[in-house]
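Below, chains carry the letters A, B, ... as their sequence lines are ordered, and counting in each starts from 1. Remember, predicted model here, so these are calculated numbers, not experimental data.
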2 protein chains.
Amino acid sequence: MKGQAVKDKILDVASDLFYKQGYNLTGINQIIDESDIARASLYHHFKSKTDLLVENLRRADENYFLQLEKFLASFTDPKEKLLAMVDFRIALQKKLGFGGCRFMKSSLEISKEEEKKVLSITHANKEKLKKVIRGLVSQVNQKQILPDDLLTETIFLLLEGASLYGAVTKSSLSLKKSKKIIESLI
Amino acid sequence: MKGQAVKDKILDVASDLFYKQGYNLTGINQIIDESDIARASLYHHFKSKTDLLVENLRRADENYFLQLEKFLASFTDPKEKLLAMVDFRIALQKKLGFGGCRFMKSSLEISKEEEKKVLSITHANKEKLKKVIRGLVSQVNQKQILPDDLLTETIFLLLEGASLYGAVTKSSLSLKKSKKIIESLI
DNA sequence: GTCTATAACCAGATAGAC
DNA sequence: GTCTATCTGGTTATAGAC
């Protein structure tokens, strides 16, 4: 293995371990062992462990919206798309083993010294998500129980709250309830 | 210093550091230094670092509902009490410096080996919180936009989502929006 | 019950050979 | 650009004196 293949392998392994064990509980040594690469190769491609996390989150951010777009493409009705956003999250939750959102997870455990970059990636990721929600809400908010911006915030916070609480209960119950709630509000 | 005073001092210092720096980034050494106690004193009162975290969360859980009860006592109208629950969370957020909910924070960074006890304390804490919400909702849900159980879940998830997202944005904006949302739904 | 000294181990990062 | 060996300082926990 060499060049980009090594870099990709390191990122894949790190991504997996950071999510399953947490960033702080994952050592460089374990990443090296499970990647089957040499110590110095890691430090050739990444200047530090923090750098590795930042790169990982950047990739995850890109990937998140590619996957979401693909998932929503099969629906045409904006109402259905909005509800499908919850299903997307339920599917993700199952796929990831109920660990919660990786951006929030990293943001909550990162040290003050490293937090700036991590929080800014998380912030950008969530604001992009809100923008997607807002776009759909503007096409669908017929009942006018809430104005568009508050309905957007509601849906966003339900998704975030339910995903994270699902990491405590190890279930999709809150996300399933969120779907019903959203159905009643739009 | 001796006996219970030592134990209390250790718990106070640990509680503060676990919240500000995170559990995994806080070393036993730092707790000892800042508590001005001896190494072996800590291991006399607590059998391990995990044990210290569990004790800390147990105390925080008790304290949380004592504080909440005190805060809500100045209101009589159940509608006002419900909205005051958001204000309580906003006040807490400011007091704690926008670090997010300590139970969720600990639950998301804990190792698989230690997670059982931590998740069960968090789970119990949140279900008790839901119970408080549910009690008020049953007295106040006039509009019937949502049935009681879904309105309860909505308020709960708004509080959780907004508190944690506030740790990313370092602001109370989402909690303030949540208050408006809840006002529109009850 | 508090103290100091130390065991046993693992972290992140770098130097220099090839 | 990948390799191995090593540096330095950190970790949690325990032993035994007082």
Query raised in the report: Which residue pairs pass the side-chain hydrogen bond (donor to acceptor under 3.5 Å, both in side chains) test with at least one member in residues 142-152 of chain B, sequence neighbours excluded?
Result: B/Asn141-B/Asp148

Query - Gap between atoms CG and P, on B/Leu42 and C/dG1 respectively (whole Å) - result: 15 Å

Query raised in the report: Can you give one letter per nucleotide of nucleotides 7-18 of chain D, 5' to 3': B if a protein heavy atom sits under 4.0 Å from the base, S if only from the sugar-phosphate, - if neither?
Result: ----BBBBB---

Query - Lys/Arg-Asp/Glu bridge criterion (N-O < 4.0 Å) met for A/Arg89, A/Glu160 - result: yes

**Report entry** Between C1' of D/dG1 and NZ of A/Lys9, the distance in whole Å
**Finding:** 19 Å

**Report entry** Residues touching DNA chain D, which here means a heavy atom under 4.0 Å, drawn from residues 105-120 of chain A
**Finding:** none

Only pairs under 3.5 Å count here: list side-chain donor-acceptor contacts from residues 24-33 of chain B, not counting sequence neighbours, and write none if there are none.
| from | atom 1 | to | atom 2 | distance (Å) |
| --- | --- | --- | --- | --- |
| B/Asn24 | ND2 | B/Glu109 | O | 2.8 |
| B/Asn24 | ND2 | B/Glu109 | OE1 | 3.1 |
| B/Thr26 | OG1 | B/Leu17 | O | 3.3 |
| B/Thr26 | OG1 | B/Gln21 | OE1 | 3.2 |
| B/Thr26 | OG1 | B/Gly22 | O | 2.8 |
| B/Asn29 | OD1 | B/Arg39 | NH1 | 2.8 |
| B/Asn29 | OD1 | B/Arg39 | NH2 | 3.0 |
| B/Gln30 | OE1 | B/Gln21 | NE2 | 3.4 |
| B/Gln30 | NE2 | B/Glu34 | OE2 | 3.2 |

Report summary line: A/His44 atom NE2 is separated from D/dT2 atom P, nearest whole Å, by 6 Å

Query raised in the report: Can you name the residues that form a salt bridge (Lys or Arg N to Asp or Glu O under 4.0 Å) with B/Lys7, not counting sequence neighbours?
Result: none

Report task. Verify the neighbour count for atom NZ of A/Lys20: are there more than 12 heavy atoms of other residues, nucleotides or ligands below 6.0 Å? Result -> no

Query raised in the report: Whole Å only: how far is the NE2 atom of A/His45 from the P atom of C/dT14?
Result: 16 Å

Report task. Please round to the nearest 0.5 Å and tell me the distance separating atom CD1 of A/Ile121 and atom NZ of A/Lys116. Result -> 13.0 Å

Please output the side-chain donor-acceptor pairs of residues 179-186 of chain A that fall under 3.5 Å, not counting sequence neighbours, one pair per line with the distance.
| from | atom 1 | to | atom 2 | distance (Å) |
| --- | --- | --- | --- | --- |
| A/Lys179 | NZ | A/Asp87 | OD1 | 3.2 |
| A/Lys179 | NZ | A/Asp87 | OD2 | 3.0 |
| A/Ser184 | OG | A/Lys180 | O | 3.1 |

Query - Side-chain ion pair, A/Asp8 and A/Arg59, N-O less than 4.0 Å - result: yes

